[in-house]
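Encoded as structure tokens, the structure appears first; notes follow it.
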Amino acid sequence: MTLLAERPVRATAPAEPPRRKRVVLPYLLIAPTLLATAYLLLYPLIRNVIISLQEFGLPQLVRGDAEFVGLANYARVLADPEFWGVVRRTLWFTAINVVLIMMLSTLVALLLVRLNKWLRLLVMGGLVLTWATPIIAATTVFQWLFQSRLGVVNWALTALGFEQYRDYTWFADGEATFGILVTLIVWQSIPFAALSLYAAMITVPQELYEAARIDGAGAWRVFSTITFPMLKAMFGLITCLEVIWVVKAFVQIWVISQGGPGQATTTLPVYAFQVAQSLQRYDLGAAVSMLMVVLLVLALLAYFRQLYRQEREA
């Protein structure tokens, strides 16, 4: 009987790890998106800055021989009292809209949390449809609602006994037109804010609410001590987005009133368009639009600084 000698086992070399992809590959993949974004966002912004620093009217648009004038256009705009009147009106318009949007959106989000499944789906479907309605279509509907003779609002008020609203011309009154525009923009803005807040609210642990109710806390107490503190960042983000949305609102105002009657509804975007198109001073219009961007950025930076300070203190 022979013993079979064990054959020595040769150690196998470990498999080489897969070669790392080159670092440049991810950047190549996102390069088309970055280039498209730069072309659609950065190029118009840079072009607008250049025009605001030139003497650029209709003759220069035709001949293409615009001259560099530095900050002269900005100095002219800032020295105009009408510009500061438009700034105050824009701030007032933005403050009213944003406050109403956040208050009503919070109430709608709290309502969605408490509704049962089918009612919640029904309300959310209505919000989505409202959000998906094109701006021009929604604006046209509001024009019809407040039309002097065929409008539903005048018909309903007259039917309720308010005879002074028979054939009432809403769009001839500056305050009434201002109120209609606020109603329109708030109506268009609530769906996004409400759905975003609802999505954030359902992430709050239910145990916190149950503990608060056991301690006898009411609805306001629960919201002020649990919901809002935990979702403060989300409330801040949505507020900033709504500020941007309201400040840049142009289509609704232009279609309904074109900034009138008088200057009652002229905000900065409308004013910039009026200066550029009516006066054919594209340089001044560009300067107004850039000042609007600067004011918006400063306001948002101040808000973010305050929010960051509160977060550090907490």
Side-chain angles (χ1 to χ4, degrees), residues 33 37 41 90-133 135 138 182-215 217-249 252 292-314:
T33 303
T37 303
L41 297 179
T90 303
L91 295 176
W92 178 240
F93 182 75
T94 303
I96 294 176
N97 276 281
V98 172
V99 169
L100 290 176
I101 290 169
M102 295 307 299
M103 290 178 57
L104 295 176
S105 299
T106 302
L107 293 175
V108 173
L110 292 171
L111 175 66
L112 289 173
V113 172
R114 299 178 184 275
L115 290 177
N116 60 46
K117 176 181 177 181
W118 297 110
L119 285 178
R120 186 185 303 119
L121 290 175
L122 181 63
V123 175
M124 292 178 68
L127 291 173
V128 171
L129 289 176
T130 301
W131 192 15
T133 303
I135 296 178
V182 169
T183 305
L184 171 59
I185 292 177
V186 169
W187 178 77
Q188 290 178 315
S189 305
I190 284 178
F192 169 77
L195 292 175
S196 300
L197 290 175
Y198 166 72
M201 288 179 183
I202 60 177
T203 64
V204 179
Q206 293 299 316
E207 294 80 3
L208 298 177
Y209 293 128
E210 294 174 359
R213 295 189 185 98
I214 292 174
D215 292 338
W220 170 250
R221 185 72 173 177
V222 170
F223 176 80
S224 60
T225 59
I226 298 177
T227 305
F228 183 76
M230 294 193 67
L231 303 179
K232 185 183 295 185
M234 177 60 70
F235 276 95
L237 175 61
I238 296 176
T239 300
C240 293
L241 293 177
E242 294 302 334
V243 168
I244 296 172
W245 160 259
V246 174
V247 169
K248 71 182 186 66
Q252 301 93 326
M292 180 184 69
V293 172
V294 171
L295 291 174
L296 184 59
V297 170
L298 291 177
L300 292 178
L301 286 178
Y303 178 81
F304 279 124
R305 182 180 179 183
Q306 181 66 23
L307 185 64
Y308 177 71
R309 183 179 301 172
Q310 293 177 356
E311 290 291 335
R312 291 190 61 182
E313 293 177 355

- Close side-chain approach of W118 and N116, heavy atoms under 4.5 Å: yes

- Between F235 and F223, what is the ring plane arrangement, given parallel below 30°, perpendicular above 60°, and tilted in between? perpendicular

- Note on the structure: Looking only at heavy atoms, the pair that brings A193 and S105 closest together is CB-OG, 3.2 Å

- Task: Mind checking the CG-CG spacing from N97 to L184? Nearest 0.5 Å is all I need.
- Result: 9.5 Å

- Query: Is the side chain of S189 donor-acceptor paired with the backbone N or O of V186 at a distance under 3.5 Å, no angle test?
  - Reply: no

- Query: Just wondering, do Y198 and M124 contact through their side chains at under 4.5 Å, heavy atoms?
  - Reply: yes

- What pair of heavy atoms forms the shortest contact from T239 to M102, and how long is it? OG1-CE, 3.5 Å

- From M292 atom CE to T90 atom OG1, the distance as rounded to the nearest 0.5 Å: 8.5 Å

- Query: Just wondering, do L129 and T133 contact through their side chains at under 4.5 Å, heavy atoms?
  - Reply: no

- Item | Atom pair CG/CG of L112 and L107 - distance to nearest 0.5 Å | 11.0 Å

- Message: Please report the interatomic distance CG(L111) to CG(L119), rounded to the nearest 0.5 Å.
- Response: 9.0 Å

- Task: Could you walk me through whether W245 and I185 pass side chain to side chain contact (heavy atoms under 4.5 Å, CB included), step by step?
- Result: CA-CA 9 Å; W245 160 259; I185 292 177; 3.7 Å; yes

- Considering only heavy atoms from C-beta outward, does the side chain of V123 approach that of L115 to under 4.5 Å? yes

- Task: Work out which heavy atom in V246 is nearest to a heavy atom in T94; give both atom names and the distance.
- Result: CG1-CA, 3.6 Å

- Task: Would you mind reporting whether M201 and S196 have side-chain heavy atoms less than 4.5 Å apart?
- Result: no

- Nearest-0.5 Å distance, CD of residue E207 to CD1 of residue I214: 11.0 Å

- Note, L300 side chain near I244 side chain (heavy atom, < 4.5 Å): yes

- Nearest heavy-atom neighbours spanning R120 and V113: NH2-O, 3.8 Å

- Query: Can any side-chain N or O of T203 pair as donor or acceptor with the backbone N or O of A200 at less than 3.5 Å?
  - Reply: yes

- Task: Check whether any side-chain heavy atom of T130 lies under 4.5 Å from a side-chain heavy atom of Q188, and answer yes or no.
- Result: no

- Note on the structure: Interatomic distance, CH2@W187 vs CD@Q252, rounded to 0.5 Å, equals 11.0 Å

- Item | Sub-4.5 Å side-chain heavy-atom contact between I238 and I101 | no

